[in-house]
Chemist: 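Quick one: structure below, then a few questions.
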Amino acid sequence: QVQLVESGGGLVQAGGSLRLSCVASGRTFASYTMGWFRQAPEKEREFVAAINWSGSVTYYADSVKGRFTISRDNAKNTVYLQMNSLKPEDTAVYYCNADPNLKRLRDGRGDYWGQGTQVTVSS
């Protein structure tokens with residue numbers, strides 16, 4: 001079992017920055033692809049970013065490219081999402097997830113999910 005706990009969400013003005021963290025416990029963290037999804041009210045869950053086990057390969061949704069950066073620190077069992085130049089449309093609950101298979105994770109079928117952290121971007 002892998003347990004994921006997100007933190008770092010909050011209220012920020014448009015153009016500001018936040019860094020989300022997700023700490024994993026349980027199974028070996030370093031072997032897993034990690035990712036971030038988000039879900040805005042009355043909208044479907046949306047892929048945001050993913051990172052492979054070594055941190056050498058990353059993927060981003062077009063909507064966040066150039067603004068968000070995913071990274072990981074395997075020694076701390078933690079994945080991060082640095083969010084810059086935030087826009088009101090980034091407002092959502094952000095979830096981290098984990099799966100050994102990258103494609104499955106990007107498709108939203110990862111094995112493990114956190115409880116989410118709220119990000120609200122005001123105009």
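Just so you know, residue 1 is the first one in the sequence shown, and it goes up from there. All values below come from the heavy atoms of this structure, side chains included, with hydrogens, waters and symmetry mates left out.
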Chemist: Do any N or O atoms from the side chain of Asn52 and from the backbone of Val57 form a donor-acceptor pair under 3.5 angstrom?
Modeler: yes

Chemist: Has Glu46 got a side-chain atom pairing as donor or acceptor with Gln39's backbone, closer than 3.5 angstrom?
Modeler: no

Chemist: Could you grab the distance from atom NZ of Lys76 to atom CG of Asp73, nearest 0.5 Å is fine?
Modeler: 5.5 Å

Chemist: Applying side-chain contact (heavy atoms from CB on, under 4.5 Å), name anything that partners Ser123, two or more places apart in sequence or on another chain.
Modeler: Pro88

Chemist: Sequence neighbours left out, what passes side-chain hydrogen bond (donor to acceptor under 3.5 Å, both in side chains) with Thr120? Give chain and number order.
Modeler: Gln118

Chemist: Determine whether the aromatic ring centres of residues Trp36 and Phe68 are separated by less than 6.0 angstrom.
Modeler: no

Chemist: So, does Arg106 use its side chain to make a donor-acceptor pair with the main chain of Phe47 at under 3.5 Å?
Modeler: no

Chemist: Under the side-chain contact (heavy atoms from CB on, under 4.5 Å) rule, collect the residues that match up with Ser17, sequence neighbours excluded.
Modeler: Gln82, Asn84

Chemist: Can you list the residues that meet the side-chain contact (heavy atoms from CB on, under 4.5 Å) rule with Val119, with sequence neighbours excluded?
Modeler: Leu18, Leu20, Met83, Tyr94, Val121

Chemist: What residue pairs, at least two apart or across chains, pass salt bridge (charged side-chain N to carboxylate O under 4.0 Å, His left out) with a residue in residues 109-123?
Modeler: Asp107-Arg109

Chemist: Out of the candidates Thr78, Val79, Asn77, Val5, only one should pair with Cys22 under the side-chain contact (heavy atoms from CB on, under 4.5 Å) rule; please name it.
Modeler: Val79

Chemist: Please list all pairs passing the salt bridge (charged side-chain N to carboxylate O under 4.0 Å, His left out) test where one or both residues lie in residues 81-93, with sequence neighbours left out.
Modeler: Arg38-Asp90, Arg67-Asp90

